[in-house]
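Not measured: the values here are computed from a predicted model. Nothing fancy with the numbering, it's 1 onward along the sequence.
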Amino acid sequence: GAVCRFNAFRRVAPGDKIGVALKATTPDARIDAPRAARLAPPAAASEWLTAALKDGVPAVRYAAVETGMCLRNSQAWETAVALARKGNPDSAPYLNLIALFGSPEEHEIVYRALRTAGLQLPAIWALGHVGTRRAADACLAGMKHEALARACGEAYGWMTGADLERDGLALEEVPPDAPA
């Protein structure tokens with residue numbers, strides 16, 4: 001894994017070291033392998049990415065999806081969409097990818113994630129990347145909920161360039177009492 005990371009840093013083709021790293025027992029080594037695959041010949045990279053996309057460790061799969069998307073690997077995109085659709089905590093990192101690169105139909109995955117307690121904040125972050133009027137309206141609606149207001153305000157600001165204080169959308173925060 002370290003050799004893959006070093007070769008990727010130096011922008012040197014990793015050779016068969018990726019295959020060895022993908023079989024490592026430590027997840028960190030397996031995470032470095034798909035990241036180094038960006039520099040491998042396309043046929044080998046595709047084979048290694050296919051293996052990494054099936055890994056049982058979520059961070060390894062995400063690294064493979066990121067690399068696959070850089071290499072325009074359709075299997076990586078299909079995996080990202082499928083994992084985001086699951087709506088479980090492992091779906092969170094894929095919401096931004098769906099927001100950035102997805103179609104309006106795929107953006108529905110982000111809107112559905114707003115209804116899932118563990119995915120609300122990542123989904124709000126993703127809304128800032130969707131950038132549509134519907135996403136802005138969802139952020140405005142979310143500002144009415146205290147637990148989500150700050151994140152919704154930030155996402156709304158990213159989309160619109162609004163200054164929440166200047167535009168009268170910010171509430172004055174009262175600092176909590178300091179302990180004696």
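- Of the possible donor and acceptor atoms, one in the side chain of N88 sits under 3.5 Å from a partner among the backbone N and O of S91.
- Among all heavy-atom pairs drawn from R61 and D90, the shortest one is NH2-OD2, 4.3 Å.
- Hydrophobic clustering, with ILVMFWY side chains joined whenever heavy atoms are under 4.5 angstrom apart, keeps W125 apart from M159.
- To the nearest 0.5 Å, the span separating CD on Q120 from SG on C152 amounts to 8.5 Å.
- If you chain together hydrophobic residues whose side chains sit under 4.5 Å apart, F101 and I109 fall into the same group.
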Open item on the list: Before you tell me yes or no, could you show the steps for R134 and E108 under salt bridge (Lys or Arg N to Asp or Glu O under 4.0 Å), namely the whole-Å CA-CA distance, both residues' side-chain angles and the distance that decides it to 0.1 Å?
Closed with: CA-CA 11 Å; R134 180 179 176 199; E108 290 302 316; 2.4 Å; yes
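- To the nearest 0.5 Å, the span separating CD1 on I98 from CD on E105 amounts to 12.5 Å.
- Following chains of ILVMFWY side-chain contacts shorter than 4.5 Å, one cannot reach L148 starting from L140, and the two form parts of different hydrophobic clusters.
- For the pair Y111 and V130, the minimum side-chain heavy-atom distance is below 4.5 Å.
- M69 and A76 get closest at one heavy-atom pair: N-CB, 3.9 Å.
- The one candidate from L95, L127, L121 that meets the side-chain contact (heavy atoms from CB on, under 4.5 Å) condition with L114 is L127.
- Note on V110 and L83: same hydrophobic cluster, where clusters join Ile, Leu, Val, Met, Phe, Trp and Tyr whose side-chain heavy atoms are under 4.5 Å apart, directly or indirectly.
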Open item on the list: Using side-chain contact (heavy atoms from CB on, under 4.5 Å), reason through Y156 and T160 one step at a time and then give a plain yes or no.
Closed with: CA-CA 6 Å; Y156 180 80; T160 64; 3.6 Å; yes
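- Taking each heavy atom of I124 and A155 in turn, the nearest pair found is O-CB, 3.5 Å.
- V65 is not connected to V57 by any chain of hydrophobic side-chain contacts under 4.5 Å among Ile, Leu, Val, Met, Phe, Trp and Tyr, and they are in different clusters.
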Task: Derivation and outcome, side-chain contact (heavy atoms from CB on, under 4.5 Å), residues V81 and L97 - done: CA-CA 9 Å; V81 172; L97 298 175; over 6 Å; no
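- With hydrogens and angles ignored, the 3.5 Å screen pairs a side-chain donor or acceptor of T132 with a backbone N or O of A135.
- Across A84 and Y94, no two heavy atoms sit closer than the pair CB-CB, 3.9 Å.
- Taking all atoms of both residues into account, the shortest heavy-atom contact from G118 to P122 is O-CD, 4.2 Å.
- A donor-acceptor distance shorter than 3.5 angstrom exists from the side chain of E106 to the backbone of S103, with no hydrogens or angles considered.
- Ring geometry, W158 versus H129: the interplanar angle falls under 30°, so the pair is classed parallel (tilted spans 30 to 60°).
- Between D55 and Y62, the closest side-chain pair of non-hydrogen atoms is not below 4.5 Å.
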